[in-house]
Amino acid sequence: MSIKRRSKYTLSVLLVASFLAIIMGLANVPMAQTSPQIPVYKVVGSADLSNPGSASYWNQIPWINISLTANIPMAPTSGLTHYLLVKAVWNGSWIIILERWYAPEPAFGAWSASAAALYPNASGPGINDWIEITPGTTYKVYSNYTNYTSIINGKQVTGRIVLNYSGILLPLANGTQIYVLSNGTILTPDMRPMQYLLYNYGMFYGYYVNSTCYYPDRAAIMWYMGSGVPTKDDMNLGGDTPGEEFDGIVLPKVGGSLAQPGGAANIWMWVSGATWNNATYDPAFKVNLWQNKSLTGLPYVDLRNHGFAVPLYTNNTAMYEVDTAGIWYPPVSSSGLNGSLFFIWSGATYQDGYWTVEFARPLAVPSAYANWMPNITVGNTYYVAFAVWQGKLGETLFDKSITSNFLTLELVTTPPTSTTTSTTTTSTTSATSVSTTTVSSISTTTSVTTVTSIPSSTIYVIIVGVVIAIIALIVLYVVFRR
């Protein structure tokens with residue numbers, strides 16, 4: 001091939017490369033960004049937990065739309081909330097996080113089973129958790145197991161219950177209780193080992209609900225406290241203790257332990273039936289449960305216009321509660337944590353088909369809490385994950401809607417960006433608003449438009465494209481000189 005022809009080929013290739021480089025530089029393709037970032041904007045003001053989202057600074061901050069997925073992929077009652085809207089600010093000493101999600105059937109008046117266990121007169125929804133076994137599952141009592149007893153519809157019989165789902169057999173433990181409805185649906189009281197076994201045998205359908213049996217709504221924020229970049233924000237199904245043996249079967253994981261290898265996390269959990277300061281719809285606040293030290297064993301300071309979020313801690317061993325009482329989970333310590341249960345404040349409202357929940361917590365934590373709660377400072381990147389439960393639809397405990405991965409969160413010193421938000425309503429369903437006690441239409445489709453700054457990843461791509469174009473032009477110049 002002649003030198004002249006080679007030069008033509010070289011020139012053609014370089015021209016195409018230059019063209020593609022310039023196009024890439026102008027095309028604003030966010031190649032470097034792998035997950036959305038949650039900026040926590042610096043503001044002047046404080047949280048108004050009696051009316052979440054009402055502070056004026058929230059109007060200047062765009063909603064971040066976060067997709068949610070099922071924590072238990074094959075359970076029909078898991079993953080019922082498809083997205084969560086989030087905003088966040090800090091005011092120099094506190095961090096405040098605002099959340100909003102669509103909930104067509106709010107779980108008013110349902111006890112948290114853990115809170116109800118403290119109150120002798122507790123009655124109503126949420127007192128007991130019932131697992132619904134996959135429809136089509138049948139059972140048989142094998143009477144040759146003479147050392148086994150089983151309880152069916154409240155009646156004790158001799159023998160072992162064996163479940164059968166499409167030819168898959170699951171023998172149940174000694175003393176197992178089941179309740180069989182008139183349509184053949186089989187229920188069993190919730191236990192961690194039972195949940196684990198049913199799920200692994202394809203028989204965990206979800207938690208049973210009806211008009212008088214349902215669970216509280218919840219929302220939680222998980223703060224990763226391990227090293228490195230986490231990849232799993234979910235928690236294991238399993239037993240009550242590591243390596244627990246349940247009727248001859250060893251359960252390798254503990255229910256509620258963090259699935260991220262070598263990881264640990266702090267969780268803020270808001271519960272509509274226990275931590276929502278609403279004496280009309282929250283049974284725990286209605287009976288002043290948290291002011292009764294003889295029941296809780298904890299010192300309580302009147303929270304007045306706000307509720308709280310339960311501080312939890314999870315690692316690869318188990319799930320713990322960051323206080324000394326252990327109302328929801330075993331306590332992380334037996335002393336030195338006075339007031340920790342009420343350290344994270346919260347407020348909530350339900351209106352027009354949506355829950356709005358606001359979390360507020362001091363940036364710095366007391367030294368006694370520091371092993372289980374993060375100090376939050378400017379200049380650090382935090383990995384957070386979110387979860388939502390819709391109790392009236394069957395989500396409870398580990399059966400919920402979660403982010404598919406951790407998101408990055410940072411405190412920024414820049415002021416909030418201006419934003420415009422538009423909402424489109426397409427439903428004619430109505431619900432009662434807690435704050436106004438009027439009937440309003442529920443919005444089932446929300447279109448959010450925001451105006452924000454150019455992402456750093458886009459700037460990075462533009463710079464790379466320009467650099468490539470300049471190099472190509474230099475090469476062209478050298479070829480022509482020859």
Side-chain angles (χ1 to χ4, degrees), residues 30 32-43 45 47 52-53 55 57-58 60-69 83-101 219-235 258 260 263-270 309 311-314 322 343-346 356-365 369-370 372-388 401-417 419 448 450 452-453 455-457:
Q33 187 169 334
T34 58
S35 64
Q37 185 183 69
I38 302 172
V40 185
Y41 293 104
K42 180 69 179 295
V43 298
Y57 50 72
W58 290 123
Q60 302 302 314
I61 298 172
W63 284 110
I64 300 171
N65 190 318
I66 298 172
S67 296
L68 302 179
T69 188
Y83 70 94
L84 175 69
L85 301 176
V86 175
K87 300 181 182 185
V89 299
W90 66 292
N91 62 5
S93 57
W94 287 68
I95 183 171
I96 308 166
I97 299 177
L98 187 67
E99 297 185 1
R100 193 167 188 255
W101 70 92
I221 306 173
M222 176 185 285
W223 297 76
Y224 185 67
M225 295 183 67
S227 59
V229 178
T231 58
K232 296 181 179 180
D233 70 330
D234 56 335
M235 289 170 288
L258 191 65
Q260 172 67 39
N266 173 225
I267 301 173
W268 306 356
M269 183 177 69
W270 172 84
L312 303 174
Y313 177 80
T314 179
V322 186
F343 184 67
I344 305 163
W345 296 3
S346 72
T356 301
V357 175
E358 192 164 330
F359 296 87
R361 200 211 77 173
L363 295 174
V365 300
Y369 304 180
W372 306 288
M373 298 187 193
N375 278 296
I376 303 171
T377 59
V378 176
N380 286 329
T381 297
Y382 299 88
Y383 295 97
V384 296
F386 298 87
V388 171
S401 306
I402 63 171
T403 46
S404 58
N405 209 336
F406 281 89
L407 310 175
T408 57
L409 178 146
E410 297 177 6
L411 271 61
V412 298
T413 56
T414 55
T417 57
T419 178
V448 179
T450 60
T452 58
S453 58
S456 59
S457 56

(request) Check each of Phe386, Trp268, Phe359 against Trp223 using the ring-ring contact (aromatic ring centres under 6.0 Å, His included) test, and report the only one that passes. (result) Trp268
Solution key, residues 228-235 side-chain donor-acceptor pairs under 3.5 Å, sequence neighbours excluded:
from   : atom 1 : to     : atom 2 : distance (Å)
Thr231 : OG1    : Gln260 : OE1    : 3.2
Asp233 : OD2    : Thr403 : OG1    : 2.9

(request) Measure the shortest side-chain to side-chain distance between Pro362 and Phe343 over non-hydrogen atoms and say whether it is less than 4.5 angstrom. (result) yes
(message) To the closest 0.5 Å, what do you measure between CD1 (Ile66) and OG (Ser404)?
(response) 10.0 Å
(message) Are Leu84 and Ser67 packed together at the side-chain level, in the sense that at least one heavy-atom pair is separated by less than 4.5 angstrom?
(response) no
(request) Rounded to the nearest 0.5 Å, what's the gap from CD1 on Ile97 to CD1 on Ile38? Could you check? (result) 7.5 Å
(request) Identify, with sequence neighbours excluded, every residue that meets side chain to side chain contact (heavy atoms under 4.5 Å, CB included) alongside Ala370. (result) Val365, Asn375
(message) Quick one: does any side-chain atom of Lys87 pair with a main-chain N or O of Trp58 as donor and acceptor, under 3.5 Å?
(response) yes
(message) When you compare the side chains of Trp63 and Asn65, does any donor N or O come within less than 3.5 Å of an acceptor on the partner?
(response) no
(request) Rounded to the nearest 0.5 Å, what's the gap from CG on Leu98 to OH on Tyr57? Could you check? (result) 8.5 Å
(message) Quick check: closest heavy atoms across Ala387 and Ile402, and the distance to 0.1 Å?
(response) CB-CG2, 3.9 Å
(message) With heavy-atom distances below 4.5 Å as the criterion, would you say the side chains of Leu363 and Leu411 are in contact?
(response) yes
(request) Take the angle between the ring planes of Tyr313 and Trp372 and call it parallel below 30°, perpendicular above 60°, tilted in between. (result) perpendicular
(message) Let me confirm one number: the CG-OH distance from Leu407 to Tyr383, rounded to the nearest 0.5 Å.
(response) 11.0 Å
(message) I need the minimum non-hydrogen distance between Trp90 and Thr413, along with the two atoms involved.
(response) CZ2-CG2, 4.4 Å
(request) Specify whether Trp345 and Trp94 have parallel, tilted or perpendicular ring planes, treating 30° as the upper limit for parallel and 60° as the lower limit for perpendicular. (result) tilted
(request) Please report the shortest heavy-atom distance between Gly45 and Asn91, naming the atom on each side. (result) O-ND2, 2.9 Å
(request) Could you tell me which non-hydrogen atom of Ala47 sits nearest to which non-hydrogen atom of Ala360, and how far apart they are? (result) CB-CB, 4.3 Å
(message) Once rounded to the nearest 0.5 Å, what's the spacing between atom CH2 of Trp270 and atom CD of Glu99?
(response) 10.0 Å
(request) State, with a plain yes or no, whether a side-chain heavy atom of Leu409 is found less than 4.5 Å away from one of Gln37. (result) no
(request) Going by the side chain to side chain contact (heavy atoms under 4.5 Å, CB included) test, name the single residue among Val40, Thr408, Ile376, Ile95 that passes it with Tyr382. (result) Ile376
(request) Would you name the heavy atoms of Ala220 and Ile267 that are closest together and state the gap between them? (result) CB-CG2, 3.9 Å
(request) Taking all heavy atoms of Gly92 and all of Lys42, pick out the closest pair and write down the distance. (result) N-CE, 3.8 Å
(request) Enter the distance from Ile221:CD1 to Asn266:CG here, rounded to the nearest 0.5 Å. (result) 10.0 Å
